[in-house]
Amino acid sequence: MAIQNVMVIGAGQMGSGIAQVCAQSGFNVKLNDMKQEAYDRGIATITKNLSRNVEKGRMTEEEKTAVLGRISSSLDLKDAHDADIVIEAAVENMEIKHSIFKTLDEVAPKHAILASNTSSLPITEIAAATKRPEQVIGMHFMNPVPVMKLVEIIRGLATTDEVYKQVEEMTVKLSKTPVECNDFPGFVSNRILMPMINEAIFTLQEGVATKEAIDDIMRLGMNHPMGPLQLADFIGLDTCLYIMEVLHDGFGDSKYRPSPLLRQYVKAGWLGKKTGRGFYEYS
Ligand SMILES: CC(=O)CC(=O)SCCNC(=O)CCNC(=O)[C@H](O)C(C)(C)COP(=O)(O)OP(=O)(O)OC[C@H]1O[C@@H](n2cnc3c(N)ncnc32)[C@H](O)[C@@H]1OP(=O)(O)O
Ligand SMILES: NC(=O)C1=CN([C@@H]2O[C@H](COP(=O)(O)OP(=O)(O)OC[C@H]3O[C@@H](n4cnc5c(N)ncnc54)[C@H](OP(=O)(O)O)[C@@H]3O)[C@@H](O)[C@H]2O)C=CC1
């Protein structure tokens, strides 16, 4: 069955970006969050991004209106009753994801695919909350979603080839590049990226260099578009900590222990760009 109706759970930085690219590619989108304010913030970000596209001549005002017209708000998971695919982008927490997937399994149509944008949590374990593990899959977009080309697609133990194919085809329709990987902690992307970010935080903690110097060395020396500390702020320090904990628990190897400084910043509520302060300050 062709995918037409998409529901996105979580209207934060990832969920709003996923809703935007789906609506831009012609899908009908319901954007769900627990609070109206979260939805309003998500739609404001999408509107700002689309307005920039209009200013740059990449889209007409009419196209912008049509894209926004394809996105509707939802505050209730029961709105998944007519979804062909649900893409979950709530917080990186297994208990929360389990509870969302259990409910979705009860309310979504039998044919619906249940996808998670999790950065690191095992897809097989998320799928175990449902009675349709063969229709559960990881669809891992990169931040910022409207700009980044990759979608890492993760097969759970039970995911069928047919479901993989449908998600792969949808990814191509979104003008993104699908790359397949298996269900191991952190998948490929964050197994490699996050230890580098964590090491940069240890380097700062040990006073080896200032935050600016660490970022300059990696930006100018390795041609990374952002230094690792700026990138951590951009991803969200809470998300970085959750991912390190998943790697640490999943592999049982001390090389993945999260930096104490990262824990301290998260406890302080300094979560990066989204809260106005992380390693840097944002207005
Ligand atoms: C944690 C996980 O599970 C996985 C992850 O996502 S890890 C994070 C992966 N992402 C990265 O590594 C991003 C690294 N950073 C970059 O690639 C770049 O710094 C960047 C693309 C974010 C910004 O690029 P830049 O050249 O420094 O800045 P800028 O010129 O302002 O932006 C470039 C373009 O991106 C757009 N852009 C930047 N940020 C954006 C955002 N948040 N949303 C939408 N568009 C955005 C800009 O509008 C601009 O578009 P045009 O050129 O068409 O005008
Ligand atoms: N940040 C990144 O760079 C990337 C993140 N991801 C993954 O995407 C997911 C979302 O991350 P991100 O967008 O950065 O996080 P954000 O904190 O920006 O957004 C999460 C949103 O989900 C909402 N939410 C929390 N619980 C529920 C629920 N039960 N039902 C509906 N909505 C809920 C939150 O509401 P409230 O604020 O009220 O709690 C918030 O609006 C995570 O799994 C993360 O690992 C994947 C790729 C990159």
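We number each residue from 1, following the sequence as shown. Indexing begins at 1, ligand by ligand and atom by atom, following the structure's order.
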Would you mind running through ligand 2 and noting each atom that sits below 4.0 Å from a heavy atom of S119?
5 (C), 6 (N), 7 (C), 44 (C), 45 (O), 46 (C), 47 (C)
Pick whichever of K274, E37, M14 has a heavy atom sitting closest to atom 5 (C) of ligand 2.
M14
Which is it for N143 and ligand 1 at heavy atoms under 4.0 Å: side chain, backbone, both or neither?
both
Give yes or no for whether the N/O distance cutoff of 3.5 Å, strictly under, is met between H140 and ligand 2.
no
Donor-acceptor check, side chain of D33 to backbone of A38, threshold 3.5 angstrom: yes or no?
no
Please state which part of M226 comes within less than 4.0 Å of ligand 1, counting heavy atoms only: side chain, backbone, both or neither.
side chain
Near N32, which atoms of ligand 2 are under 4.0 Å from a heavy atom of that residue?
31 (C)
Quick one: does H140 get a heavy atom under 4.0 Å from ligand 1?
yes
If we count only non-hydrogen protein atoms and require a distance under 4.0 Å, does atom 49 (C) of ligand 1 qualify as touching the protein?
no
Does only the side chain of R52 get under 4.0 Å from ligand 1, or the backbone, or both, or neither? Count heavy atoms.
side chain
At less than 4.0 angstrom from any non-hydrogen atom of I100, what atoms of ligand 2 do you find?
28 (C), 29 (N), 30 (N)
Which of the numbered atoms in ligand 2 are under 4.0 angstrom from any heavy atom belonging to G12?
13 (O), 18 (O), 19 (O), 21 (C), 41 (O)
Is T118 close to ligand 2, meaning an N/O of one under 3.5 Å from an N/O of the other?
no
Numbered in order shown, the ligand 2 atoms found under 4.0 Å of a heavy atom of I96 are 29 (N)
Can you tell me if R58 contacts ligand 1 (heavy atom of the residue under 4.0 Å from the ligand)?
yes
Show which atoms of ligand 2 fall inside a sub-4.0 Å distance from at least one heavy-atom site of E92.
42 (C), 43 (O), 44 (C), 45 (O)
Within the structure, does T239 bring an N/O atom to less than 3.5 angstrom of an N/O atom in ligand 2?
no
Within reach of ligand 1, part of T239 (heavy-atom separation under 4.0 Å)
neither
Flag: protein heavy atom within less than 4.0 Å of atom 30 (O) of ligand 1
no
Report the part of V145 in contact with ligand 1, treating N, CA, C, O as backbone and CB onward as side chain, heavy atoms under 4.0 Å; options are side chain, backbone, both, neither.
neither
At a non-hydrogen distance cut-off of under 4.0 Å, which region of I9 contacts ligand 2 (side chain, backbone, both, or neither)?
side chain
Nitrogen or oxygen of I235 less than 3.5 angstrom from that of ligand 2:
yes
Return the residue, atom name and 0.1 Å-rounded distance of the protein heavy atom closest to atom 34 (C) of ligand 1.
V147 CG2, 4.7 Å
Ligand 2 to K35, heavy atom cutoff 4.0 Å, flagged ligand atoms 38 (O)
Heavy-atom proximity to atom 20 (C) of ligand 2 ranks first, among G15, G42, A11, A89, for A89
Can an N or O of E88 be found at a distance shorter than 3.5 Å from an N or O of ligand 2?
no
Geometry only, no angles: is A90 polar-contacting ligand 2 at N/O separations under 3.5 Å?
yes
Atom 54 (O) of ligand 1: nearest protein contact (heavy atom, Å)
K56 NZ, 2.5 Å
Checking the N or O distance criterion of under 3.5 Å, is ligand 2 in contact with D238?
no
Quick test of your reading of the structure: of V246, N93, D33, whose heavy atom lies closest to atom 34 (C) of ligand 2?
D33
Short N/O distance, under 3.5 Å, between R41 and ligand 2?
no
